[in-house]
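Structure first, then comments.
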Amino acid sequence: MEVHNVNLTISAVAADQYPKTDYPEIALVGRSNVGKSSLTNVLINRRNFAHTSSQPGKTQTLNFYDVEDRLYFVDVPGYGYAKVSKKERERFGQMIEQYLTQREQLCGVIQLVDARHVPTVDDVSMYEWLDFYHIPILVVATKCDKVKSNVWNRQESQIRKRLGMAPGAPLILFSATTKHGKDQVWQWIDKQTGMN
């Protein structure tokens, strides 16, 4: 999709604050600092529209980005950051769970993992949880420019194995620096939202 107009519509903490539109929504989930903001910025052709938090775990709202008055990207708080109190984690864990399981406009989830490493326990838990609820998942392995291309296949197979992905389940290697994988991510989004 050619993107010219993007707006941060609302930073929501409860269902009654979600946008009242029926636009399809794609949620982005992943650990703090895995690159959700960077992926969003590349997809919408902006440099610093979605802000990277200087304090991992600080974003504790669902941020709804209106893309071309046709689609929402929903940035979900990062998981797996220890400095956030247990009570706070539980509170926005419930908010995330409510959104992901009850939002009718949700068409799919992009789960970001770091291409340089084997997925964490938190990554595995999130993938299994999304799979349990039959939510369509695209795994995007970020920062692939920091991995030599001759080991991409090995990294991909390690990620697939660790997450327990079914054969053929979608996984895209992505780099915010080189834009590698951008078009494939958009193709998945278009397919999930019925925009192609």
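- Among residues two or more places apart in sequence or in another chain, the side chain to side chain contact (heavy atoms under 4.5 Å, CB included) test is passed with Asp131 by Ile137.
- With a 4.5 Å cut-off on side-chain heavy atoms, Val6 and Phe73 do not count as touching.
- Using a 4.5 Å heavy-atom threshold, the side chains of Arg160 and Glu156 count as touching.
- In the hydrophobic clustering of ILVMFWY residues, with side-chain heavy atoms under 4.5 Å counting as a link, Val121 and Met165 come out apart.
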Run the ring pair (Phe, Tyr, Trp, His ring centres under 6.0 Å) test on Trp186 and Phe174 for me, step by step, so that the C-alpha distance in whole Å, both residues' side-chain angles and the decisive distance to 0.1 Å come before the verdict. CA-CA 12 Å; Trp186 262 121; Phe174 173 79; over 10 Å; no
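- Proximity of Leu39 to Thr142: side-chain heavy atoms (C-beta onward) are nowhere separated by under 4.5 Å.
- Looking at Ser38 and Asn41, their side chains never bring a donor and an acceptor atom within 3.5 Å of each other.
- Tyr23 is not listed as a side-chain neighbour of Thr193, based on a closest heavy-atom distance of 4.5 Å or more.
- Although no hydrogens or angles enter the test, the distance criterion places no donor-acceptor pair under 3.5 Å between the side chain of Gln155 and the main chain of Val151.
- What you find for Val29 and Met126 is that their closest heavy atoms are CG2-CG, 4.0 Å.
- Atom CG of Asn150 has more than 12 heavy atoms from other residues, nucleotides or ligands within 6.0 Å.
- Between the side chain of Asp190 and the backbone N or O of Gln187, no donor-acceptor pair lies under 3.5 Å.
- Arg154 is not listed as a side-chain neighbour of Val147, based on a closest heavy-atom distance of 4.5 Å or more.
- Between Leu8 and Asn63 there is a side-chain heavy-atom pair separated by less than 4.5 Å.
- Leu171 and Val118 sit in two unconnected hydrophobic clusters of ILVMFWY residues. Membership requires side-chain heavy atoms under 4.5 Å apart, directly or through other members.
- Environment of OH in Tyr133: crowded, with over 12 heavy atoms of neighbouring residues, nucleotides or ligands closer than 6.0 Å.
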Pair Val139, Val113 - check side-chain contact (heavy atoms from CB on, under 4.5 Å), show working. CA-CA 7 Å; Val139 175; Val113 298; 3.9 Å; yes
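- Between the side chains of Asn7 and Thr9, no donor-acceptor pair of N or O atoms lies under 3.5 Å.
- Residue Asn5 holds its CG atom at 11.0 Å from CD1 of Ile44, rounded to the nearest 0.5 Å.
- Between Thr21 and Gln105 the shortest heavy-atom distance is O-NE2, 3.0 Å.
- Rounding to the nearest 0.5 Å places CG of Asp145 at 11.0 Å from CG of Leu173.
- Nearest heavy atoms, Ile159 versus Ala115: CD1-CA, 4.3 Å.
- Proximity of Tyr18 to Leu62: side-chain heavy atoms (C-beta onward) are separated by under 4.5 Å at one or more points.
- Taking 4.5 Å as the limit, every side-chain heavy atom of Tyr65 sits out of range of all side-chain heavy atoms of Ile26.
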